[in-house]
Amino acid sequence: MAQTWAPHGQPTDSLIAQASIPQNLPPVIPENPRSVDPIPTRYLPGFESYIETCTGCHIALPPEVLPLESWQEILRRPDVHYGVSIPNINRLTQLLIWDYVSTFSRPLPPNNPVPLYAEKSRFFKALHPRVPLPEEVTSNTCVTCHPGAEVFDFITLAPQWQDAP
């Protein structure tokens, strides 16, 4: 059975459709240096699943850099993830990751193309307004400015960027 997606960005035929973006987030995990934003304890299983699943092959990007629709597409077909199959991912892991990334990303405005790469994302570009980005952004590009990117530390900047306007 093919999955259909509701206009607000959630699949209509799964448990994900029953979830809603919370209005009042619960208490956050104290002193969590691995996240750009504080993570409410309710989303910790999704965050940990995301980190464990993604960092096995590449740097895990903060969910904020891609829109909701990109995360939908990435999680919809884990067997076809940029030409490879995501190892050891099951439906529960997908749901946990979706719960986390959908909370910390936002939907695209109507009629916008869905970017599947960070360098194509308007959100990624908005977070890097004065950074001269190469045409293709890779994990090496991230580490150049964010030396802790491999451990999900995107707050610490390389010395040349610490006093950037």
Side-chain angles (χ1 to χ4, degrees), residues 2-11 16 21 32-39 43 46-91 93-165:
Q3 244 182 357
T4 56
W5 298 89
H8 60 297
Q10 296 182 335
I16 295 174
I21 306 262
N32 185 359
R34 296 190 328 172
S35 178
V36 173
D37 292 317
I39 301 172
Y43 299 101
F47 172 73
E48 293 296 340
S49 294
Y50 174 70
I51 295 297
E52 183 179 321
T53 302
C54 299
T55 60
C57 298
H58 57 78
I59 289 174
L61 296 173
E64 298 87 343
V65 303
L66 291 172
L68 241 161
E69 294 82 357
S70 298
W71 292 114
Q72 282 177 337
E73 188 59 28
I74 290 166
L75 288 168
R76 184 178 67 87
R77 297 276 319 271
D79 57 321
V80 185
H81 182 67
Y82 303 104
V84 299
S85 180
I86 299 174
N88 304 318
I89 190 167
N90 58 41
R91 189 69 180 138
T93 303
Q94 281 177 287
L95 290 170
L96 288 170
I97 293 171
W98 172 253
D99 190 43
Y100 166 65
V101 298
S102 67
T103 300
F104 290 93
S105 61
R106 63 189 66 93
L108 277 171
N111 303 317
N112 276 250
V114 176
L116 295 179
Y117 295 93
E119 71 266 15
K120 305 284 187 215
S121 169
R122 65 188 287 163
F123 302 151
F124 179 79
K125 291 174 185 174
L127 291 168
H128 298 83
R130 292 181 283 283
V131 178
L133 296 168
E135 201 167 305
E136 182 180 339
V137 175
T138 67
S139 59
N140 288 335
T141 310
C142 297
V143 173
T144 301
C145 300
H146 303 280
E150 290 182 5
V151 293
F152 207 67
D153 174 5
F154 291 90
I155 296 173
T156 303
L157 297 174
Q160 70 266 29
W161 289 102
Q162 287 182 2
D163 292 326

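Computed from heavy atoms alone, side chains included, the values below leave out hydrogens, waters and symmetry copies. Position 1 is the first residue of the sequence, and the numbers go up from there.
- Closest non-hydrogen pair, L157 versus P147, comes out as C-CD, 3.8 Å.
- A donor atom on one side chain and an acceptor atom on the other are not found under 3.5 Å apart for T141 and T144.
- The shortest distance between side-chain heavy atoms of H146 and D153 does not fall below 4.5 Å.
- Of all heavy-atom pairs between W71 and P62, the closest is CZ2-O, 4.2 Å.
- Between F152 and T55, every side-chain heavy-atom pair lies at or beyond the 4.5 Å cut-off.
- Here NZ of K120 is found 12.5 Å from OG of S70. Values are rounded to the nearest 0.5 Å.
- Annotation: side chain of V101 is in contact with side chain of L75 (closest heavy-atom distance under 4.5 Å).
- Annotation: side chain of L66 is in contact with side chain of I74 (closest heavy-atom distance under 4.5 Å).
- Of all heavy-atom pairs spanning E64 and R106, the tightest one is O-NH1, 4.2 Å.
- Scanning both residues, E136 and E119, for their nearest heavy atoms gives CA-OE2, 4.0 Å.
- Using a 4.5 Å heavy-atom threshold, the side chains of L61 and F124 count as separate.
- In this structure, the separation between CG on L96 and OG1 on T53 is 9.0 Å, given to the nearest 0.5 Å.
- For the atom pair S49 OG and Q94 CD, the distance stands at 11.5 Å (nearest 0.5 Å).
- Nearest heavy atoms, W161 versus P132: CH2-CD, 3.9 Å.
- Taking the six-membered ring where the residue is Trp, Y43 and F104 present perpendicular rings, their angle passing 60° and hence far from 30°.
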What side-chain donor-acceptor pairs closer than 3.5 Å can you find for residues 108-118, not counting sequence neighbours?
from, atom 1, to, atom 2, distance (Å)
N112, OD1, R122, NH1, 2.9
N112, ND2, P109, O, 3.2
N112, ND2, P110, O, 3.1

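- Evaluation of the side-chain hydrogen bond (donor to acceptor under 3.5 Å, both in side chains) rule for N88 yields no partner, not counting sequence neighbours.
- Summarising the geometry, atom SG belonging to C54 is positioned 6.5 Å from atom CD1 belonging to I86; distances are rounded to the nearest 0.5 Å.
- Of the candidates V65, I59, L127, I59 is the only one forming a side chain to side chain contact (heavy atoms under 4.5 Å, CB included) with F154.
- Separation of atoms CZ (F123) and OG (S105) is listed at 8.0 Å; rounding is to 0.5 Å.
- In this structure, NE2 on H128 lies 7.0 Å from SG on C142, to the nearest 0.5 angstrom.
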